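Notes follow the structure.
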Amino acid sequence: MHDIKTIRDNPAAFDQGLSLRGLPAQSAALLKIDSEKRDHIQKLQDAQARRNALSKEIGEVMRAGDKAKAEALKAEVAGLKDFIASGEEAERLLTQKINDALAVVPNLPMEGVPKGKDEHDNKELHTWGEKPRFNFEPRQHFDIGEWLGLMDFETAAKLSGARFVILKGQLAKLERALGLFMVDLHTEHHGYTEIYAPYMLRDEAMFGVAQLPKFKEDLFQTTSGHWLIPTAEASLTNLVRERMLEEKELPIRMTAYTPCFRAEAGAAGKDTRGMIRQHQFSKVELVSITTPEQAEAEHSRMLACAEEVLKRLKLAFRTIVLCTGDMGFGSRKTYDIEVWLPGQSAYREISSCSQLGDFQARRMDARFKPADGKGPRYVHTLNGSGLAVGRTMVAILENYQNDDGSVTIPEALRPYMGGAEKITRA
RNA sequence: GGAAGGGUGGCCGAGUGGCUUAAGGCGCACGCCUGGAAAGCGUGUUUGCGUUAAUAGCGUAACGGGGGUUCGAAUCCCCCCCCUUCCGCCA
C-alpha cells in the first residue's frame with residue numbers, strides 16, 4: 001500500500017511508476033479525494049476544538065454553581081453537535097474511500113529494473129550448469145511418472161478433478177525428500193529459521209500480504225471464512241504483523257515447507273497436463289524481514305540461497321530479472337529462476353524472489369525502532385521460493401531420466417531417499 | 001457447541017462520567033554517582049492525522065471496531081470482532 005503523502009509530494013513520479021507497469025495515471029484522482037478529506041478534517045477539527053473548550057468551561061461553571069451560565073453554554077455546544085457528528089462520519093467515509101482506492105494500486109518498480117511490457121522484455125542475468133544430452137528423445141515428466149507407475153492423474157481427477165496428482169512409493173518419498181533437503185539446506189547453511197505456521201488465514205492477514213482484496217479469485221476459501229495460503233509467504237510474512245521490532249533483531253530469516261493452494265482462475269488451458277500447474281503443491285519458502293537499507297543486499301543473498309538448491313541438485317538454470325511490466329502486484333524488483341526441462345525443451349520458472357519494500361509492511365503495520373532512537377519506520381519484506389517442490393520433482397524426472405525409463409536420484413538427495421540411487425518401475 | 005471472564009502507550013498494569021494532560025511499574029535513552037560497573041538518584045520516553053521548511057510549535061484523534069446516551073465517555077447502553085478459561089466433542 002502506498003503512502004498518500006508520498007504521492008502528494010511527487011505525483012509525477014507516482015504516475016511515471018504506474019506507466020512503467022502499463023497502467024494509467026492515478027495521482028490526480030487519488031489526490032482529489034485526499035484534498036477533499038483534508039479540507040474536511042480542518043473544518044471538523046476547528047469545531048471539535050471549540051466544543052472541547054466549551055465543555056471544559058461548562059465543567060468549571062457548574063462546579064462554581066452558576067446554573068444559568070452553564071445552560072447558556074450547553075445551548076451553544078448543541079449547535080456544534082450535528083456538524084461534528086456528521087463530520088466524523090464523513091471523515092470515516094473519505095478515509096475508507098481513499099484506502100479502498102490505494103489498496104488496489106500495485107507497488108512501483110525500483111530504480112534500475114528493466115523497463116518493458118511483458119515477459120519478452122525480461123533480462124537474463126546469468127545461466128548455470130550444463131543441459132544434459134540424451135541419446136534418445138527425452139520424455140516429459142508425466143510420461144516418465146506414469147510409466148513408472150508412481151504418478152496418477154486419472155485417480156486424482158476422480159477424487160478432486162483437474163489439476164491434482166497422486167504420487168506413490170518412490171515419488172511420494174521424493175516429494176518429501178526434496179522438502180526436507182531444502183529446509184535443511186536453508187536452516188543449516190543459510191541461516192533461516194524453520195517455521196511451522198497456519199495454512200488457513202483470516203482476511204486481515206491476506207490483506208497484509210496484498211493477496212486481498214485484488215486476488216480473491218485466485219484463492220480458495222473455507223466455509224469458516226479462512227483463506228488457504230497460496231504460498232507460505234502469506235503465513236511467514238504475517239508473523240511480524242502489528243509488531244514493533246528492534247533494529248538489532250533484523251534481518252529476520254524464516255523458511256517453511258508447506259502445501260500451497262491456488263485456484264488458478266486465470267490459467268484455464270495453460271499447462272493442463274502434468275504437475276507444472278496444480279491446485280495443490282508443496283513449496284519451501286524463504287522470507288526475510290529487513291531494514292530498508294538491508295533489503296537490496298538481502299535480495300541478492302536470498303537469490304543465491306535459492307540457486308544453491310539447484311546447484312546441489314546439479315540442475316541447469318538461468319536467472320532473469322523481471323521487467324517493469326511483468327512483475328507481481330506487490331513487488332518492486334523480482335528475480336525468477338528458471339530450470340531447464342529437457343522434456344519440454346524449455347526453461348520453466350521454479351523460483352521467484354521479490355523485494356516488496358514497505359508495501360506489505362504498511363498493510364500489516366510492521367515496524368521497527370531504529371537504533372538511533374528516532375521514530376518508528378516500516379520494515380521491508382522479501383520472499384522467494386527455495387524452491388517449488390513439485391516443479392523441482394518435474395525437473396529431476398526430466399533431467400535425470402535414463403534410456404531404460406528409470407530415473408537416477410541426484411546424489412544430494414540420496415541420504416533422504418534411504419540411500420537409493422534410482423527410481424524404477426513399480 | 002455450552003458457560004464465564006477479558007481486550008488500556010514497546011511490555012505489564014491501574015482506572016465506573018469532568019484536575020486522566022491515561023496513575024504506577026518494567027524496558028529504553030541521557031545525566032549524576034563510580035577507578036570502571038552494578039545498585040541508587042534525577043530527567044526524558046505512544047502513535048496517527050492536519051498545519052508547517054521542520055522528527056520545532058500548535059491543533060485534533062486514538063483505551064479492540066462501529067453505533068448510542070451526555071455539554072463532556074477508557075468509564076454508561078447496544079451490535080460486532082478477537083482472545084483466554086472451564087465444560088462437551090476430538091487428531
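Keep in mind it's a predicted model, so treat the numbers as computed, not measured. Order of the sequence lines fixes the chain letters, A, B, ..., with proteins taken first and strands second; residue numbering starts at 1 for each chain.
Taking only side-chain nitrogens and oxygens, A:R362 never comes nearer than 4.0 Å to OP1 or OP2 of B:rG48.
Of the residues in residues 241-254 of chain A, none lies under 4.0 Å from RNA chain B by heavy-atom distance.
Using cut-offs of 30° and 60° on the angle between ring planes, the pair A:Y199 and A:Y196 is perpendicular.
A salt bridge is absent between A:D46 and A:R50: the closest approach of a Lys/Arg side-chain nitrogen to an acidic carboxylate oxygen does not fall below 4.0 angstrom. Note on A:K37 versus A:D39: no salt bridge recorded, every NZ/NE/NH1/NH2 to OD/OE distance being 4.0 Å or above.
Panel note: side chain A:T187, backbone A:D184; a donor-acceptor pair is recorded below 3.5 Å.
The six-membered or imidazole ring of A:F359 lies near that of A:H2, with a centre-to-centre distance under 6.0 Å.
The pairing partner recorded for B:rU84 is B:rA4, the criterion being a Watson-Crick or G-U wobble arrangement whose two distances lie under 3.5 angstrom.
Mapping A:R51 and A:I4 onto RNA chain B by nearest heavy atom places A:I4 at the nucleotide closer to the 5' end. Mapped onto RNA chain B by nearest heavy atom, A:Q48 and A:D34 fall at different nucleotides, with A:D34 at the one closer to the 5' end.
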Between the protein and nucleotides 52-54 of chain B, list every N/O to N/O distance that falls short of 3.5 Å.
none

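Note that A:R139 lies in the cation-pi zone of A:W147, set by a 6.0 Å cut-off to the ring centre and a 45° limit from the axis.
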